[in-house]
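As structure tokens, the structure follows; a few thoughts come after it.
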Amino acid sequence: MNNLEDGNSVRRNEIICNLFHHTKYMEQYGTGIERIKTKMIEHGLPAPKFELNGNFFKVILYGPGENILKLQDSVHANKIDLKKYDLNDRQYKLLEILSQNNENITNKEYRELFEVSRSTAARDLRRLVELNLIQKYEISGKEVIYSIK
């Protein structure tokens, strides 16, 4: 099991993996398992269990059981009041897009989407990262993507 939980990425189907990566359903190789574990624990749920059997693996995600109401309260408690951050309209729109579509964005895509300069895009994205509202992932070399926290 150490390969799965240690973040050692092994592509079992190169074609599907590349497809998901290029369609932005996967932001970075080898980060999914740790993100699943972190999110489950953040929501008061037990960490998932991973089982490896030959070429197959199974993930067991534990639900809240009789504590469903406590889980719902904790999810609502994590809502953020964005008004206190003094964001511009582009930043609000980006957060809406990223959270609704579970997408990632690059600086170039941000510039094209909002028709702004490279420096404006960098400033807007940097501010959102500093406020801990989005995450910055360095993929390779100069390639950077941003996703909702």
Roughly how far apart are [X] [atom1] and [Y] [atom2], rounded to 0.5 Å?
X    : Y    : atom1 : atom2 : result
I148 : Q135 : CD1   : CD    : 9.0 Å
R90  : T120 : CZ    : OG1   : 6.0 Å
E96  : L98  : CD    : CG    : 10.5 Å
N132 : E130 : CG    : CD    : 11.0 Å
E138 : I145 : CD    : CD1   : 11.0 Å
N107 : E143 : CG    : CD    : 12.5 Å

Exercise for the section: Assess whether atom CD1 of I15 is packed by more than 12 heavy atoms of other residues, nucleotides or ligands within 6.0 Å. Expected result: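 No, CD1 of I15 has 12 or fewer neighbouring heavy atoms, counting only those of other groups under 6.0 Å.
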
Handout entry: Atom CD of E115 with >12 non-hydrogen neighbours under 6.0 angstrom
Key =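 At most 12 heavy atoms, drawn from other residues, nucleotides or ligands, come within 6.0 Å of this atom.
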
Side-chain heavy-atom pair [X], [Y] within 4.5 angstrom cut-off:
X    : Y   : result
L131 : L87 : yes
L52  : F50 : no
Y85  : Q91 : no
D124 : N88 : yes
K58  : N53 : no

Practice task
Write down the atom of Y62, the atom of P46, and the distance for their closest heavy-atom approach.
Solution key: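 Nearest pair, atom of Y62 first, then P46: CB-CG, 3.9 Å.
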
Practice task
Looking only at non-hydrogen atoms, find the nearest pair between R111 and A121 and report the distance.
Solution key: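 Closest approach of R111 to A121: CG-CB, 3.5 Å.
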
Handout entry: Option from L94, T106, I105 for which side chain to side chain contact (heavy atoms under 4.5 Å, CB included) with Y146 holds
Key =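 Answer to the side chain to side chain contact (heavy atoms under 4.5 Å, CB included) test with Y146 among L94, T106, I105: I105.
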
